[in-house]
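Here is how names work: the chains are called A, B, and so on, in the same order as the sequence lines, proteins then strands, and each is numbered from 1.
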2 protein chains.
Amino acid sequence: MDQLSQTFSALADPTRRAILAKLASGAATVGEIAEPFDMSLPAVSRHLKVLTEAGLIERSTEAQWRRCALRGEGFRAAADWMEFYRRFWEQQFDRLDAFLKSTVPTPAKGKRRARRKP
Amino acid sequence: MDQLSQTFSALADPTRRAILAKLASGAATVGEIAEPFDMSLPAVSRHLKVLTEAGLIERSTEAQWRRCALRGEGFRAAADWMEFYRRFWEQQFDRLDAFLKSTVPTPAKGKRRARRKP
DNA sequence: TCCATATTTAACAACTTAGTTAAATACAGA
DNA sequence: TCTGTATTTAACTAAGTTGTTAAATATGGA
C-alpha cells in the first residue's frame with residue numbers, strides 16, 4: 001500500500017487517533033496506552049502496530065516495557081497533501097463572507113469572487 | 001462512523017485521491033471522472049458515493065449527467081486535526097537542524113549532509 | 001412512446017479489518 | 001532457574017471494503 005493511503009488509513013480510526021492524542025503529551029508504554037480503553041491488550045497492541053507501520057509512532061525497548069512516542073515526520077506527507085486543498089475551504093469561506101457582505105445594505109453588486117489573502 | 005474517521009477513511013484510497021485531484025481543476029461528470037481509470041463505471045460510482053458521504057464532494061444534476069465538484073468545507077475538520085500535530089514534525093525538524101548545527105561547528109563549504117527543504 | 005445515453009443498484013466473490021481468547025515470548029529479580 | 005509482569009502472536013469470527021457483471025432507473029430527444 002502506498003504511503004499516503006497507509007497514513008490516512010491509520011488515522012481513520014478513533015482509537016488510534018486517541019492514542020496519538022495521548023502520545024502528544026508524552027511517550028508511554030503499551031500498558032499505559034491501553035489502560036483507558038475498554039478493549040483487550042492484544043487489540044491495542046495491534047493498533048500500535050498499525051501506527052508504527054504507518055510511521056506515526058516509534059517504539060523503543062526499556063526492560064520489559066515498550067515505550068511508544070509520536071513520530072512527527074510521519075504526519076508530514078499527509079499534512080502536505082491536505083495543504084494543497086486548503087484553498088478550497090478558504091475559498092468557500094470567502095464565498096460565504098462575500099455573500100454576507102452582499103446581504104448587508106452595501107451597493108456593491110455583481111458576481112465577483114473575493115480571494116483570501118495568504 | 002464519526003466524521004473524522006469517515007473523512008480519513010475516504011482519503012485512504014489512491015483512486016479517490018486521484019478523483020479529488022481531478023476535481024481540484026474543475027467539476028466533472030461521472031463519465032469524465034471514470035474515463036482515466038481502468039475500472040468499471042459502477043466501481044467509480046461507488047468511490048464517488050464514499051466521497052459524497054464523507055462530504056468531500058457535492059453533486060448536482062444536469063439532464064442525465066451528475067456533476068461532481070470538490071466541497072472544500074469537507075476537508076476542514078481533518079485539516080484542523082492534522083494541524084494540531086504540526087508542531088511535532090516541525091519540532092523534529094528543528095531538532096535535526098540543531099543537531100546538524102552542533103555537529104558542524106563551522107558551516108563551511110564542505111557540507112557533509114544535505115539539508116532538507118525548509 | 002420508444003430509444004440511446006448516463007448513472008446507480010443488486011448480487012456476488014475475494015480480501016481486509018478489528019475484535020476476542022489462549023498461548024507464546026521477553027525481561028528482571030529472587 | 002523459577003516466577004511475575006509486559007507484550008506479542010496465533011487462531012478464529014464478524015463485519016466491512018472493493019471490485020465484477022447484470023439489471024434497473026433517469027433524462028432528453030426522434
Side-chain angles (χ1 to χ4, degrees), chain A residues 1-23 26-71 78, chain B residues 1-23 26-71 78:
Chain A
M1 186 160 48
D2 65 287
Q3 204 223 304
L4 227 35
S5 297
Q6 201 167 8
T7 305
F8 283 129
S9 181
L11 297 179
D13 181 286
T15 301
R16 289 195 289 264
R17 289 197 306 277
I19 290 172
L20 293 173
K22 183 191 176 72
L23 294 181
T29 66
V30 175
E32 287 165 354
I33 291 166
E35 194 273 320
F37 295 104
D38 186 21
M39 185 183 298
S40 69
L41 210 48
V44 172
S45 178
R46 258 167 67 167
H47 280 305
L48 292 172
K49 192 181 182 192
V50 171
L51 290 169
T52 305
E53 284 169 353
L56 292 167
I57 66 175
E58 55 193 356
R59 323 173 77 164
S60 53
T61 298
E62 274 173 41
Q64 67 267 56
W65 294 277
R66 309 295 139 74
R67 186 153 293 268
C68 303
L70 221 54
R71 186 173 163 273
Chain B
M1 188 160 45
D2 64 288
Q3 204 224 303
L4 228 35
S5 297
Q6 203 167 7
T7 305
F8 283 129
S9 181
L11 296 178
D13 181 286
T15 302
R16 289 196 288 263
R17 290 196 307 275
I19 291 172
L20 292 174
K22 183 189 176 73
L23 295 181
T29 66
V30 175
E32 288 165 353
I33 291 166
E35 195 272 321
F37 295 104
D38 186 21
M39 186 185 295
S40 69
L41 209 48
V44 172
S45 178
R46 254 162 75 163
H47 280 303
L48 292 172
K49 191 180 182 193
V50 171
L51 289 169
T52 305
E53 285 169 353
L56 292 167
I57 66 175
E58 55 193 356
R59 324 174 77 165
S60 53
T61 300
E62 273 174 39
Q64 67 268 57
W65 294 277
R66 308 295 139 75
R67 186 153 292 268
C68 303
L70 221 53
R71 186 173 164 273

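In this view, Glu53(A) and Gln6(A), Lys49(A) satisfy the side-chain contact (heavy atoms from CB on, under 4.5 Å) rule, not counting sequence neighbours. Under the side-chain contact (heavy atoms from CB on, under 4.5 Å) criterion, Arg66(B) pairs with Val30(B), Thr61(B), sequence neighbours left out. In terms of the side-chain contact (heavy atoms from CB on, under 4.5 Å) criterion, residue partners of Ala28(A) (sequence neighbours excluded) are, by chain and number, Lys22(A), Leu23(A), Glu32(A), Ile33(A). Remark: Glu35(B) pairs with no residue by the side-chain contact (heavy atoms from CB on, under 4.5 Å) rule, at least two apart or across chains. Applying the salt bridge (Lys or Arg N to Asp or Glu O under 4.0 Å) criterion to Arg67(B), with sequence neighbours excluded, gives Glu62(B).
At the heavy-atom level, Thr61(A) lies nowhere under 4.0 Å from the strands shown.
Put simply, CD1 on Ile57(A) is 12 Å from P on dT7(D), counting in whole angstrom units. Rounded to whole angstrom, the span from the CG atom of Leu51(B) across to the P atom of dT17(D) amounts to 14 Å. Whole-Å rounding puts the Met39(A) CE to dT20(C) C1' distance at 11 Å. Summarising the geometry, the separation between CD on Gln64(B) and P on dA4(C) is reported as 14 Å, rounded to the nearest angstrom. Distance, Glu35(A) CD to dT5(D) P: 17 Å, rounded to whole Å.
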Assign a letter to each nucleotide of nucleotides 8-16 of chain D from its 5' end: B, base within under 4.0 Å of a protein heavy atom; S, sugar-phosphate only; -, no contact. BB-B-----

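Within residues 2-16 of chain B, the residues that have a heavy atom under 4.0 Å from DNA chain D are, in order of number, Asp13(B), Arg16(B).
Mapping Asp38(A) and Glu32(B) onto DNA chain C by nearest heavy atom places Glu32(B) at the nucleotide closer to the 5' end.
For the pair Leu70(B) and Leu56(B), the minimum side-chain heavy-atom distance is 4.5 Å or more.
Not one N or O on the side chain of Ser45(A) forms a donor-acceptor pair closer than 3.5 Å with the backbone of Leu41(A).
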Could you pull out every donor-acceptor pair under 3.5 Å between side chains of residues 8-20 of chain A and any protein atom, sequence neighbours left out?
residue	atom	partner	partner atom	Å
Asp13(A)	OD1	Thr15(A)	N	2.8
Asp13(A)	OD1	Arg16(A)	N	3.1
Arg16(A)	NE	Ala10(A)	O	2.8
Arg16(A)	NH1	His47(A)	ND1	3.1
Arg16(A)	NH2	Ser9(A)	O	3.2
Arg17(A)	NH1	Leu11(A)	O	2.8
Arg17(A)	NH1	Ser5(B)	OG	3.0
Arg17(A)	NH2	Asp2(B)	OD2	2.6
Arg17(A)	NH2	Ser5(B)	OG	3.1

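Taking only side-chain atoms of Ala63(A), from C-beta outward, the nucleotide of dT7(C), dA6(C), dC27(C) with the closest atom is dC27(C). Of the listed nucleotides (dT7(D), dA18(C), dG19(D)), dA18(C) has the atom at the smallest distance from the side chain of His47(A).
A distance of 5.0 Å separates CZ of Arg59(A) from CG of Leu48(A), quoted to the nearest 0.5 Å.
Listed pair Ser40(B) / dG19(D) fails the phosphate criterion, with no side-chain N or O lying under 4.0 Å from OP1 or OP2.
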